[in-house]
Structures are given as C-alpha cells and as structure tokens.
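For reference, the structure discussed in these notes is given below.
Nothing here was measured: the structure is a model prediction, and the numbers come from that model.
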Amino acid sequence: MDFGLSQEQQMLAESVARLLRELCPLNHVRNVVESESAVSAQAEAALAELGLNGLVVPEAYGGLGLGMLDAAVVATALGEAVAPVPFAGRKVLAPLALIEAGSDAQKANWLPRIASGGVCFGVGLQGLVTRRDGSGVSCADGRLTGLALFVLDCEEADHFLVADDNGQLYIILAQSEGVEQIALRTIDATRSICGLRLSSVPAEALRDDGGKAAQRIIAAGRILLAADSLGAADAMIAQAVAYAGQREQFGRVIGSFQAVKHMCAEMAARNEPCRSLVWYAAHAFDAVPEEAPLMACHAKSHLGETGRIIARTATEVHGGMGFTDLLGLHYWFKRIGFDRQILGGPETVREEAALLQGWIARAA
Amino acid sequence: MDLSYNPEYESFRDEVRGFITANRHLAPKGAGRASRPSPESVVWQKLLIRHGYTARTIPREYGGFGADPDILKSRIIAEEFAHAGVPGGLANQGISMLVPTLLELGTEEQKRRWIEPTLAGDVVWCQGYSEPGAGSDLASLKTSARIENGEFVINGQKIWTSTAKEADMIFCLVRTEGDAAKHRGISYLIFSMQTPGIEVRPLKTMTGNAEFNEIFFTDVRVPIDQIVGQRGQGWFVANATLGHERGMLGDPDALENRLLALIDLMRQEQVDGHRVIDLPAFRDRLGSLQAEVAAMKYNGMRVLSSQIKGEPGGMAKLIVKLQACELAHQISALAIDALGELGLLYHGSPHERAHGSWQWNYMFQLGLIIGGGTAQIQKNIISERGLNMPREPRLASQGER
C-alpha cells in the first residue's frame with residue numbers, strides 16, 4: 001500500500017520540469033505565442049528526445065508503454081511551465097484511441113508512427129460532450145460531414161481523430177478534400193485549437209464499440225486537463241508566495257500581513273487535496289477502469305473550481321502587477337481557464353457524474 | 001501507486017471482519033460522544049482491547065494490547081468498524097491526549113496508575129487548557145498554582161471543557177513560574193475533579209445543549225508530585241498532545257459517511273412530488289461536495305502512506321483540519337437546504353428529520369472550525385510552516401511576558 005508517485009514517476013516529472021525550466025521559460029513562451037504559434041519547437045524536440053511522443057504507446061509498437069498516471073505527471077509539469085506543447089490530444093488521446101479501438105492492422109500502421117513523431121494528430125471529441133453553434137458530425141458511406149468545434153492540438157496536425165455524434169471514432173487526413181480548418185483563438189495562446197468543417201471527407205473508422213472507447217478517451221482527456229490545471233495552480237501559488245516575500249509596503253514585506261498570508265494558505269489548502277484526486281483518477285484509469293469515468297468527472301470539475309479560485313487569488317496577491325502583461329501571470333490564469341472549459345465545464349461534468357451514479361436517469 | 005494490501009494485511013482485514021460479525025450484537029447502541037461511557041461501552045472497550053482493536057500499540061503492562069506500531073493495521077481496523085457502522089474503541093480526551101502524553105513524558109508510577117483505567121473507560125478525563133483570556137494565544141493562560149506546604153494551590157478559571165461534569169480527573173495547564181517568559185512558566189498537572197474548591201458550570205452553546213463547561217478553581221490543593229514533566233515545561237508537554245487532537249478532527253471516513261447520509265437524504269426527501277436529487281441546483285451542489293470528499297479521501301491516503309514510510313506529511317497533512325472541518329460543515333449546510341423549511345425543525349418537533357441532527361451538526365461543526373486551533377490559526381500554520389512565509393511580527397509594546 002503506497003499512495004503516491006513511484007520513483008520513476010518522480011524522475012519523469014523532474015526531468016520534464018527541468019527541461020522546461022531550461023528550454024521553455026516564460027520569455028520563450030512569449031516569443032512563441034507572439035509569433036502566432038502554440039508549439040515551441042525546441043521544447044517539442046527535447047520532449048521527443050525523452051520519448052514523450054510514444055509515452056503511452058506500447059513498447060511492442062515502439063513506445064514507452066507507460067500509463068495515465070505517468071501522462072498526468074507530465075501534464076502537470078507542462079501546466080506548471082505554461083508550455084506551448086501539444087500534449088493531451090496528440091501524444092495521449094490519439095494513441096489511446098488506437099489502443100482502445102484500433103484493429104491490429106491499424107495499431108501496427110499508426111502507433112509506431114505516432115511514437116516516432118512521424119504523424120501528428122489533432123483530436124476532435126468536444127461534440128460528444130456539448131454541441132454548440134450547430135456542431136455535429138455524421139458518417140455516411142465512410143465519409144464524414146459536419147462541424148467539429150474545439151479540436152485539440154491542431155497546429156502542425158497532419159491527421160485528425162474525430163468522433164461522430166454516435167461516438168464512433170475516425171481518422172481523417174488533414175489535407176483531404178472537404179476539410180476546412182477554422183482557426184479558433186481562445187484566451188490561452190499556449191494551446192492550438194481549431195474547428196473542422198467537414199464535407200464528405202473520406203475517413204478510416206476505428207472499431208465500432210458503441211462509443212465506449214470514445215467515452216474512455218474523454219475521461220483520459222479530463223484527467224489530463226485536470227493535471228495540467230494542477231501544475232498551473234502550483235506555479236501560481238509559488239509565484240504569489242515569492243512575490244509576497246519580496247514586495248514591501250508600509251515598511252514590511254506584504255507576505256508578513258495576515259490578510260496576504262491567509263490568501264496564500266487558502267490557495268495551498270484547496271490545491272493540495274487536488275493533487276491526490278488527480279493522481280487517484282489517473283491511477284483508476286490504469287488500474288480500476290470501472291471507477292475511471294466518475295473519478296475523471298470529479299477531478300475535472302473539482303480542479304476546474306479550485307483552479308479558478310487560485311488563478312484569481314494568486315493574481316490578487318500580486319496586486320496591480322498581477323493584472324499587467326509585464327509579469328506574465330495571466331498565461332497561467334488563462335491556461336487554467338482553458339482547462340476548466342474544455343471537454344465539459346464543472347456543471348456539465350457534475351451532471352454526467354450524477355448520471356454515471358444513477359442519481360438521475362438519462363433523458364430519452 | 002500501489003493500493004493493494006499484501007496477504008498479511010488482507011488476512012488481518014478478514015480477521016477484523018470476522019470479529020465484527022461475531023461480536024457486533026455486543027456493541028453499544030448510539031455511542032454518545034463527550035459523555036461518560038455507558039456500562040455496555042466499557043464492556044465493549046475491554047473486549048476490543050483484548051483483541052487489539054483499540055489501544056493496540058499501548059504496552060501490555062499499561063493495559064494495552066502491546067502490538068508493534070503498524071499504521072496500516074490501525075487504518076484497517078478504523079475502516080472496517082466505520083464500514084460496518086459499529087463503534088470502535090473509545091476516543092475521549094483521556095485516551096487520545098493524556099495517554100500518549102504519559103507514555104512519552106510521564107513517570108513510571110503515573111503510567112502504571114493512570115493508563116490502564118483510562119483505556120478501559122473506568123477513569124474519564126477532561127482537559128483544562130483554554131481560558132476566557134487565553135484561546136488561540138493559549139500560552140498567555142493565567143490560572144495560577146503557587147506552592148504552599150508541598151502542594152500546588154490553584155486559582156483561576158478554565159473554559160471549553162467537555163466532559164467536565166462526568167470526568168473523574170483533569171489534565172490541566174497552570175502558571176507556576178510567574179516570572180518566566182510566557183511559554184516557560186507553565187506546568188502540566190493532573191488531579192481529581194473531586195478535589196475541594198472545583199466548581200463546574202455547564203456552558204450552553206448555540207446548539208441549545210451544554211456540550212462544554214466552565215471550571216472555576218478556588219484554592220484547589222494538589223500534591224506536588226501530580227505534575228507531568230518538570231515545572232515550567234507544561235507548554236512543551238501539552239504540545240506533544242495537541243497534534244493528536246488535530247488529527248482526530250480530520251477523519252476521512254467520517255466525511256464519507258456524512259456524504260453518504262446526505263445522498264440518501266436527497267434521494268428520499270420529496271418536494272412538490274420530486275425527489276430533491278432531481279432538482280438540478282441541489283444536485284449540482286451535491287456533486288461539488290462529492291468531488292471534494294473524494295479529494296480529501298485520497299489526501300488522507302497520501303498522508304497515511306507518508307506515515308507508513310516514516311516521512312513527514314508535509315502540506316497534505318497541514319491542511320487536513322482546516323479543509324475537513326469546513327467540508328463537514330458544508331455537507332450539513334446542504335442537507336439543511338435540501339430539507340428546506342423542514343430543515344428548521346429541531347427540539348424533537350413533529351416532522352423533524354434525523355432527530356434534528358443535521359442542524360445540530362451544522363452548528364456544532366462551526367464550533368469545530370473554531371475549536372482545536374481556529375481556521376485563522378490553521379492558516380497561520382499553513383502559511384508559516386507549509387509555505388515558509390514570515391511570522392507575524394510582534395507589536396513593540398507587547399513583548400514577551
């Protein structure tokens with residue numbers, strides 16, 4: 001009985017964090033996003049070197065064969081650094097979809113190329129959670145038609161994993177005729193998000209399992225967004241505490257005032273149990289699959305709520321400086337905001353948790 | 001992450017379950033908190049000690065079971081009793097606070113005399129710490145003990161003393177060294193509540209009950225050897241036990257059980273012909289609390305793991321009292337709201353639910369947020385010890401007394 005990260009997981013987290021401190025400090029993040037990109041080439045290259053493209057790809061297909069808890073600690077490190085790195089969709093959800101619902105031939109075709117970085121996926125699942133502005137995708141004769149919004153990790157994607165409205169998963173080629181990419185600009189410039197308008201696009205279907213794989217992939221996505229938010233919240237608390245220890249007013253550092261200390265204590269007190277919840281949800285995904293959908297909902301909703309409070313409070317601790325672009329604190333604020341809304345905000349996800357537990361019946 | 005138990009622990013769990021199944025008919029009904037244990041409770045307690053399900057690591061010569069410390073086994077016992085809905089061992093202040101203190105700092109004679117009857121439930125203790133003028137700043141306490149003819153002579157007042165009316169004995173902080181700095185002038189005395197000069201007055205709280213008391217001491221004479229530790233060391237003696245109290249206030253099983261009761265309530269109670277859980281606003285609040293309870297549960301497992309490894313609990317441990325007390329309060333608050341106007345019913349009223357316990361808990365849990373180190377003191381501790389933020393500067397005029 002040992003609730004916590006293994007030594008290997010701690011080392012993985014530390015090596016990703018060290019690499020990002022070196023190659024992806026805030027001024028680099030600024031340079032990347034100011035060049036209208038959400039991909040840091042140097043961070044990507046170094047992370048690929050560590051094998052992160054194949055993090056969850058089984059060793060038989062050239063990957064590291066690691067699990068969701070490993071992916072979650074990486075996501076936390078990326079969130080902590082507000083790293084412009086396409087991770088959750090491209091490096092975890094796409095290969096997981098193939099692992100869960102791909103035929104042997106599909107796995108053999110795609111997984112080694114994902115692990116080597118030879119193919120880059122964007123991932124469109126948001127329509128299975130909420131449909132807005134006429135979004136929805138249907139399939140006829142092996143061709144997809146419709147609108148997928150909030151597709152993850154679009155920049156540099158040469159393929160997309162897309163779900164139709166029944167939860168069936170497909171792979172399409174980004175360059176196919178009938179694929180129109182709609183650039184979406186969110187508050188979080190470190191993530192690359194797009195819409196896809198699809199007009200009779202040829203699609204390679206994964207196994208039809210009645211949407212089970214898609215639901216599992218969504219749970220994975222929620223866990224990773226929660227883990228990212230945890231890392232971003234860690235970073236905001238650390239910055240608030242450090243700033244409060246330097247900034248002087250009324251002849252003393254503001255961190256010696258109880259009003260400020262208590263704001264920091266509240267952030268830490270709310271944040272710390274979140275770490276255990278994220279770890280458990282990721283562990284459940286790997287080891288207790290029947291609990292994973294509910295735990296993913298809990299992690300997503302609770303980290304969303306806690307993240308919002310921390311993002312706001314940490315900004316307030318910085319006073320006027322927190323509100324400026326100079327300090328760059330807003331990169332974390334916006335990252336947390338993104339993590340909260342994608343794949344279901346807290347209210348949406350809590351309703352799903354209620355359905356999962358049979359508190360209420362699913363509407364016909 | 002390895003949440004499995006090795007075979008030794010699995011068979012221990014089976015053993016605990018077997019004991020509960022075979023003996024649960026002997027368990028006292030409605031184990032009342034903060035009162036003198038009933039005769040059935042004392043019988044139950046002695047049975048549990050004999051089997052090692054309470055007082056497990058206390059040495060046999062002092063009336064315990066004498067097992068080697070094994071945090072996981074203690075945890076399994078707590079889990080199985082909680083899941084079975086059967087009361088575990090007594091958890092009063094004598095057992096939770098005095099016994100560990102005596103084990104660590106008592107004389108051999110004190111250990112032999114007091115630990116066994118305390119564990120058995122035959123001797124009940126109360127705690128004389130807080131005073132009207134010494135709450136969060138406990139070390140400023142003023143109840144004095146001067147020495148006269150080989151006795152301490154105690155004068156002063158204590159407050160927030162639960163079980164004072166039922167207690168046989170008190171462990172009490174008093175100022176013996178008037179000239180010393182405030183933390184160094186305190187001694188930790190133990191004496192009988194039957195000693196002449198002690199008056200106990202019930203302290204009625206907002207719940208309508210007197211869960212606490214005030215104690216007044218007028219020339220209370222106590223033999224000079226009834227001290228734990230040295231004169232002037234009382235603050236440090238007491239601090240060995242305050243940690244135990246804070247641990248008691250953050251039991252994850254208790255939170256989970258309260259949440260399950262709330263879910264049942266919301267599935268059963270109807271308003272306008274709809275179950276409360278069918279109303280989205282209430283259901284959403286329930287979902288929020290459920291996620292928070294899950295986070296605290298896994299936080300507790302993380303703290304447990306660090307204890308097993310002999311590592312400090314760090315931030316995960318420091319935040320337990322603050323977060324768990326607040327969460328318990330919020331669970332009761334939602335239950336009251338789910339009951340709506342019925343949630344007001346109290347005092348055994350017609351239509352009352354669960355004997356008014358949701359309201360009682362809602363009020364009493366506010367007391368727990370304040371007691372045992374207020375939420376504000378907890379935040380000082382978290383920021384100073386957990387985040388290394390500066391300590392509160394002392395006002396120039398105040399100084400050390």
Starting at CH2 of A/W279, measure out to CE of B/M1 and round the result to the nearest 0.5 Å.
-> 7.0 Å
I would like to know whether B/R75 and A/M1 meet side-chain contact (heavy atoms from CB on, under 4.5 Å); could you show each step before the answer?
-> CA-CA 11 Å; B/R75 180 70 201 142; A/M1 157 70 193; over 6 Å; no
Chain A interface, residue from B/A316, B/A295, B/S4 that has the most non-hydrogen pairs under 4.5 Å | B/A295
Rounded to the nearest 0.5 Å, how far does OG of B/S383 lie from CD of A/Q258?
-> 8.0 Å
Taking atom CZ of A/F87 as the centre, report whether more than 12 heavy atoms of other residues, nucleotides or ligands fall under 6.0 Å from it.
-> yes
Residue A/R252 excluded, over 12 heavy atoms near CZ under 6.0 Å = yes
Under 4.5 Å to a heavy atom of chain A? For B/N6 that would be neither
Does B/F81 CZ have over 12 foreign heavy atoms under 6.0 Å away?
-> yes
Would you name the heavy atoms of A/F3 and B/S305 that are closest together and state the gap between them?
-> N-OG, 2.6 Å
From CA spacing to verdict: side-chain contact (heavy atoms from CB on, under 4.5 Å), A/H298, B/Y298 | CA-CA 12 Å; A/H298 284 341; B/Y298 300 118; over 6 Å; no
Nearest heavy-atom neighbours spanning A/A244 and B/M389 = CB-CE, 3.9 Å
Should the heavy atoms of other residues, nucleotides or ligands under 6.0 Å from CZ of B/R13 be counted, would the total exceed 12?
-> yes
Do other residues, nucleotides or ligands put more than 12 heavy atoms under 6.0 Å from the CZ atom of A/R132?
-> no
The interface call for A/R270 against chain B, heavy-atom contacts under 4.5 Å, is both
Okay, A/V253 and chain B: the region with an atom under 4.5 Å from a heavy atom over there is side chain
Nearest-0.5 Å distance that lies between atom NZ in B/K379 and atom CE in A/M263 | 11.0 Å
Enclosure of A/M11 CE (heavy-atom neighbours >12, cutoff 6.0 Å) = no
Closest non-hydrogen contact found for A/P273 with B/M296 is CG-SD, 3.7 Å
In terms of heavy-atom pairs under 4.5 Å, which option from B/Q376, B/E326, B/K297, B/M266 contacts chain A the most?
-> B/Q376
Considering all heavy atoms of both residues, which atom of A/A265 and which atom of B/L387 are nearest to each other, and what is their separation?
-> N-CD1, 4.1 Å
Without swapping roles, check the side chain of A/K261 against the backbone of B/P390 for a donor-acceptor pair under 3.5 Å.
-> yes
Chain A interface, residue from B/I319, B/D284, B/I277 that has the most non-hydrogen pairs under 4.5 Å | B/D284
Atom group of A/S301 that falls short of 4.5 Å from chain B, counting heavy atoms = side chain
How many angstroms lie between atom CZ of B/R302 and atom CG of A/L277, to the nearest 0.5 angstrom?
-> 12.0 Å
If you measure from NZ on B/K317 to CD on A/E272, what distance do you get to the nearest 0.5 Å?
-> 14.0 Å
Answer yes or no: does atom CD of A/Q7 have more than 12 heavy-atom neighbours from other residues, nucleotides or ligands under 6.0 Å?
-> no
Short side-chain to backbone donor-acceptor contact, A/R350 and B/A291, under 3.5 Å = no
Of the non-hydrogen atoms in A/D2 and B/L3, which two are nearest, and what is the gap between them?
-> O-CD2, 4.2 Å
Which bit of A/H262 is near chain B, if near means a heavy-atom gap under 4.5 Å: side chain, backbone, both or neither?
-> both
If you tally heavy-atom pairs under 4.5 Å between each of B/Q290, B/E292, B/M301 and chain A, the highest tally belongs to B/Q290
At a heavy-atom separation under 4.5 Å, does B/S288 approach chain A through its side chain, its backbone, both, or neither?
-> both
Distance col, row B/E384:CD vs A/C264:SG, nearest 0.5 angstrom, shows 12.0 Å
From the list A/A268, A/C297, A/G245, A/A238, the residue making the most non-hydrogen contacts under 4.5 Å with chain B is A/A268
Can you say whether A/M267 sits under 4.5 Å from chain B via the side chain, the backbone, both, or neither, judging by heavy atoms?
-> neither
Toward chain A, the part of B/L318 with a non-hydrogen atom under 4.5 Å | neither
